[in-house]
Amino acid sequence: MLDFRPDEEQKMLTDTIARFARERLRKVYRDAEEEGEVPQQIVQAGWEIGLLPTAVPEAYGGFGEYSAVTGALAFEELAWGDLAATLAIMTPNLLAVPVMLCGTEAQRETYLPPCCQDAPPQVTGALIEPVVQFSPYRLKTTAVRDGDAYVLNGAKTFVPLADEAETILIYANEGGQTQAFLVAAGTPGLTVGKRDKLMGVKALSTNFVTLADCRVPAENKLGGEAGINFSLLLNHSRVALGAAAVGVARAGFEYARDYAKQRVQFGEPIAHRQSIAFMLADMATEVDEARLLVWETAWLLDQGQDATREATIMKQQIDRMVVQVADRALQVLGGYGYIREYPVELWLRNARGFASFDGLAII
Amino acid sequence: MISFEIPPFIQNQLQLIRMVAEQAMRPYSRELDENEHARPQAFVQMTWPFTQEMVKRTLKPLMEQVNGNNGSNGSAKPKKEGPDYGMVNFIMMIEQLSWGDAGQYLCLPHPMLGGAAVDSAGTPEQRVRFLKKFTEGEPKWGAMAITEPGAGSDNSAMRTTAVLDPDTNEWILNGEKIFITNGALALKESDGLCVVWATVDTKAGRAGIKSFVVEANTPGVTIAKQEHKLGIRASDTVALHFDNARIPFDNVLGDPEVQQVESRKGFLGAMKTFDASRPAVAASAIGIARAALEFTKEKLAEEGIVVDYTKALHELTAVERDVIEMEARYKGAWLLTLRATAQMAHGESNRLEASMCKYRAGDAVTWITQKSVELLGPKGYSREWLAEKWMRDAKINDIYEGTKQINQLIVARSLLGYSRRELK
Ligand SMILES: Cc1cc2nc3c(=O)[nH]c(=O)nc-3n(C[C@H](O)[C@H](O)[C@H](O)COP(=O)(O)OP(=O)(O)OC[C@H]3O[C@@H](n4cnc5c(N)ncnc54)[C@H](O)[C@@H]3O)c2cc1C
C-alpha cells in the first residue's frame with residue numbers, strides 16, 4: 001500500500017552503490033572524461049556490485065530478483081557518481097534485459113548465463129540512429145525477411161562499447177514495427193565504424209555501426225517469429241535513463257547547495273539571498289518530483305501493467321527537468337561553474353544528452 | 001516498500017465521492033459561481049451524514065483514550081499497529097471533491113482547517129470536546145483565523161490580543177481577522193467553531209501566539225465584511241471583528257503547560273497544523289487540475305486531437321506537447337502530495353515535503369488551467385464551459401496556506417539548514 005520508502009534490502013543496495021559512487025566514480029570521473037575512457041578497474045568493480053546477475057532468473061544462473069523499481073534506485077545512485085561510467089557498467093543490460101523480457105527460451109539459454117559471470121559479457125545494443133529527428137517507433141534501419149534470414153540495412157550511432165562487442169542487439173524497422181536482432185560480431189555487412197564524438201559522456205566509448213545487406217539467421221530475431229513488445233522495452237529503457245537523469249540532477253543540486261552556503265559575496269553567503277535559495281528549492285522539488293515519476297512508471301512495469309503513457313510523460317518531463325536543474329546549478333556557481341575544474345559544466349553537458357539517449361540504457 | 005497502490009477501502013469510497021461530485025456539485029458549479037454568497041445546499045445535504053461518520057471514526061479511539069484515562073484502572077489501549085491511512089483517505093477525498101468543484105468543496109460541513117488546528121495543537125480531551133458536535137445535529141462548519149490586515153505572510157506581526165481575566169478565568173479577545181474561509185458559516189450560520197490565533201504578548205512576536213477556539217455565537221464576534229472574489233465564489237470569505245469577546249480558559253489549545261500565559265510553546269503546536277493542511281490544499285489544487293486536464297482532453301478528442309504516446313517529440317504537434325506537459329505537471333505534483341500524505345500515514349515528519357507539494361501543486365494547477373483556457377480557444381474563454389471558472393478557482397492555491405514564495409522559503413531553509421534570520 002501507498003509507500004515511498006525503499007525497503008531494507010533496497011537500502012542496503014543503494015548504500016553500497018552510493019559508497020562506490022562517492023569513493024570510486026567521483027575520484028575518477030574528470031580524468032576519465034578528459035581522457036575519453038572509463039578505467040577498466042572501475043567497470044569491473046561496478047560489475048561486481050552484481051546488478052545484472054541479481055536480476056537474471058535463477059534458471060540461467062542469476063538470483064531472480066528482477067525489479068524495475070530496484071533498478072531505478074541503483075541507476076540513480078550510480079549516475080550521481082558519474083553518468084559515463086554508469087552507462088559503461090550497465091552496457092550488458094542493453095542485450096540481457098531485452099532477452100530476459102522478450103527472448104525465446106533458446107535465446108535466454110544462450111545469452112543469459114554469460115551475464116552471470118565474474119566479468120561483464122561483451123554485448124551491447126543499438127537503437128539510436130544518426131539523424132536529426134530520431135523516432136524509436138519509426139526506425140530508418142530496415143529488416144526484411146529473405147528465406148531463413150533477415151537482411152538488415154541502415155546506420156546506428158551511440159552504440160556503447162561496440163568495438164569490443166561479441167554480440168550487438170540491433171533494432172530495425174520490420175514492416176513498420178520496431179524489432180530487434182541478435183547480430184554476432186564479424187557477420188558480413190556489419191561494420192563497427194568510427195567512435196562518436198559527443199558533447200558529453202566522453203568517457204564512454206560509443207561507435208557508429210553500419211549494416212549493409214547484413215544477413216542474420218531468422219532464429220536471431222528477438223522473441224522468435226512473434227517478435228518483441230517494443231513499447232515494453234522502451235518503457236524499461238526510459239525508467240533507467242529517467243533514474244540516471246535524476247542522479248545527475250541531484251548531483252548538480254547538492255553541489256550548488258553546498259557551494260552557495262560557503263561562497264561569500266557582499267559580506268554573507270550567497271545562499272542567504274532568495275534568488276539563490278529559491279533556485280535551490282525549485283531544484284530539489286523538481287528532482288524529487290522526477291524521482292516519483294520514475295518510480296511510478298517502474299512500479300507499473302513491475303506490476304506487469306502497460307506504462308507507455310506514463311513512461312512518455314515521465315521522459316519528456318525529465319528531459320526538461322535535468323537540463324533546467326543542471327543549468328541552475330551552474331548559475332549558482334557563477335564563473336566557476338563554467339570552469340572545467342568544477343564538475344557542474346560536465347553535468348550540464350551530460351544532462352542535455354538525455355533528450356537523445358532513448359535506448360542507451362535499460363533496466 | 002515502494003508502492004503506489006491505493007488501499008481498496010479508499011478506492012471504493014472514492015467511487016461514492018465521485019458520484020457526489022457529479023450529482024451534487026458539477027450541476028451547480030456555474031450557478032454558484034454567478035450567485036456569489038449563495039450556499040451549496042445540495043452538496044451540504046448530501047455530505048453531512050458522511051462527514052459526521054468520518055469525524056466519529058477519528059474521535060472513537062480518542063474518546064476511549066480520554067475515558068480510559070479518567071477510569072480508575074483502565075489500562076490504556078495499545079496504539080493501533082501499522083500505518084494509518086485515514087489521512088490518505090481524506091486527501092484523496094479532497095482531490096475528488098475539488099475535481100467536482102473547489103468552491104463547494106470548501107463548504108464541506110466538517111471541522112476542516114479549524115479541525116486540523118484542533119487536532120494538531122489540542123489535547124485528546126480538547127479534540128473530543130470541540131469536535132464532537134460535528135458528529136450530531138444540523139450541519140456545522142469549522143474555520144481558522146490567522147490573517148490580519150497587517151499580518152499576512154508575516155503572522156508574527158499579528159495584533160489580535162488575548163488577555164486573561166483573572167476574575168472570571170476567561171480570555172478576552174480583541175482584534176480583526178480578514179480573509180477567513182467559512183467564517184460566517186462556522187460562527188453565524190451554524191453551531192460551528194473557529195480557531196483564532198492571538199497573542200498574549202504583542203512584544204513577543206511568534207512566541208506570544210496561541211490558538212483559541214471561538215465557538216459560534218460568542219458575544220463580541222461580528223462578521224465585518226463578506227469578500228467578493230475572483231474564484232471559489234461558493235466559499236465564503238469574511239472579515240471578523242473581536243470586540244471584548246470572552247471565551248473560557250480551557251479554549252486555549254494545548255496541555256496545561258502550553259495554556260499558561262507565560263508559556264512560549266503555543267506557536268509550535270499551531271504551526272503543526274500546516275503539516276496536514278498544506279497537503280490538503282495541494283490535493284484540492286490537483287483536483288481542479290485533473291478536472292481541467294480531463295475536460296481539455298475530452299474536447300480536443302472531439303476535434304480529433306488525441307495524443308499518441310509513441311510519437312517522438314518532433315512528431316507531436318504543439319498542442320499535443322502542451323497536453324503531455326499538463327499531464328506531467330499534474331502527475332508530478334500529485335505524487336509529491338501523496339508522498340507528504342503517506343509520510344503522515346507512517347508517522348513521519350513531513351514539514352519539508354508538505355511545503356514542497358503545496359507550492360508545486362499551486363504552481364501546476366495555475367499553469368494547467370491557464371493552458372486549458374488557451375488550448376480551448378474562444379470556447380474555453382466562454383462562460384458556457386467551466387474551464388474559465390477552473391482557471392479562476394485555481395489561482396487561490398498559489399496564495400492561501402502560505403503563498404508560493406513562503407513555501408519556497410520554508411523548503412529552502414530546510415534544505416540549507418538556515419534559520420529565519422539567515423534566510424529572510
Ligand atoms: C480566498 C482566500 C481565503 C483565505 N482563507 C484564509 C483562512 O481561512 N484563514 C486565514 O487565516 N487566512 C486566509 N486567507 C489569507 C491568506 O492566507 C493570505 O492572503 C496569505 O497568507 C498571504 O498574505 P497577504 O495576502 O497578506 O499577502 P502578503 O503577505 O502581503 O504577500 C504579498 C506578496 O509578497 C510575497 N512575500 C511576502 N513575504 C515574503 C517573503 N518573506 N519573501 C518573499 N516573498 C514574500 C508573497 O508571496 C506575495 O506574493 C485567505 C485568503 C484568500 C484570498
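Per chain, numbering begins at 1; letters A, B, ... match sequence-line order. Just so it is clear, the model here is predicted, and its values are computed rather than measured. All values below come from the heavy atoms of this structure, side chains included, with hydrogens, waters and symmetry mates left out.
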(request) Determine the option with the most heavy-atom pairs under 4.5 angstrom with chain A, choosing from B:R321, B:K331, B:Q408, B:H314. (result) B:H314
(message) Looking at A:E254 and A:R250, is there a salt bridge between them, counting it only when a charged N and a carboxylate O are closer than 4.0 Å?
(response) yes
(request) Considering only NZ, NE, NH1 and NH2 on the basic side and carboxylate oxygens on the acidic side, decide whether B:D308 and B:K311 come within less than 4.0 Å. (result) no
(request) Sort out for me which of A:Q10, A:E268, A:Q317, A:H272 touches chain B most, counting heavy-atom pairs under 4.5 Å. (result) A:H272
(message) So which residue, B:L336, B:L313, B:I10, ends up with the most heavy-atom pairs under 4.5 Å with chain A?
(response) B:L336
(request) Name the member of A:T312, A:L2, A:I313 that forms the most heavy-atom pairs with chain B at distances under 4.5 Å. (result) A:L2
(message) What I want to find out is whether A:R320 reaches A:E286 closely enough, with some N-O distance under 4.0 Å, to be called a salt bridge.
(response) no
(request) Give the intermediate values and the outcome of side-chain hydrogen bond (donor to acceptor under 3.5 Å, both in side chains) for residues B:Y359 and A:T285. (result) CA-CA 9 Å; B:Y359 95 74; A:T285 304; 3.2 Å; yes
(request) Return yes when atom NZ of B:K404 has more than 12 non-hydrogen atoms of other residues, nucleotides or ligands closer than 6.0 Å, and no otherwise. (result) yes
(request) Before accepting this row, confirm whether a basic side-chain N of the pair A:E289/B:R360 lies closer than 4.0 Å to the acidic partner's carboxylate O. (result) yes
(request) Check whether A:E296 gets within reach of chain B through its side chain, its backbone, both or neither, counting any heavy atom under 4.5 Å. (result) both
(message) Under 4.5 Å from any heavy atom of chain B, what part of A:F230 do you find: side chain, backbone, both or neither?
(response) neither
(request) Quick one: which of B:G417, B:S355, B:A312, B:C357 has the most heavy-atom pairs under 4.5 Å with chain A, could you say? (result) B:A312
(request) Between chain A and each of B:P8, B:A333, B:A328, count heavy-atom pairs under 4.5 Å; write down the option with the most. (result) B:A328
(request) Please determine, among B:R413, B:R329, B:E348, the option with the most heavy-atom pairs under 4.5 Å with chain A. (result) B:E348
(message) Is the distance between the ring centroids of B:Y105 and B:W99 under 6.0 Å?
(response) no
(request) Check whether A:I276 gets within reach of chain B through its side chain, its backbone, both or neither, counting any heavy atom under 4.5 Å. (result) neither
(request) Tell me, for A:W295 versus chain B, whether the close heavy atoms (under 4.5 Å) come from the side chain, the backbone, both or neither. (result) both
(message) Please classify the contact of B:E315 with chain A as side chain, backbone, both or neither, using a heavy-atom distance under 4.5 Å.
(response) side chain
(request) Could you have a look at A:R257, A:K261, A:E8 and say which one has the most heavy-atom pairs with chain B under 4.5 angstrom? (result) A:K261
(message) Tell me whether the rings of A:W299 and B:F4 are parallel (<30°), tilted (30 to 60°) or perpendicular (>60°).
(response) tilted
(message) Looking at A:E310 and A:K315, is any side-chain nitrogen of the basic one under 4.0 Å from a carboxylate oxygen of the acidic one?
(response) no
(message) Would B:R278 pass as a cation-pi partner of B:F274, given that its NZ or CZ must be under 6.0 Å from the six-membered ring centre and within 45 degrees of the axis?
(response) yes
(request) Could you tell me which of A:A284, A:A290, A:A355 has the largest number of non-hydrogen atom pairs under 4.5 Å with chain B? (result) A:A284
(message) I'd like to know if B:K371 and B:E374 make a salt bridge, using a cut-off of under 4.0 Å between side-chain N and carboxylate O.
(response) yes
(request) With a 4.5 angstrom heavy-atom cut-off, could you sort out which part of A:D258 is near chain B: side chain, backbone, both or neither? (result) neither
(message) Counting heavy-atom pairs closer than 4.5 Å to chain B, which one of A:S231, A:A298, A:P6 comes out on top?
(response) A:P6
(message) Out of B:N407, B:I410, B:L338, return the one with the most heavy atom pairs under 4.5 angstrom to chain A.
(response) B:L338
(request) Return the option, out of A:V69, A:D282, A:V132, with the maximum number of heavy-atom pairs under 4.5 Å with chain B. (result) A:D282
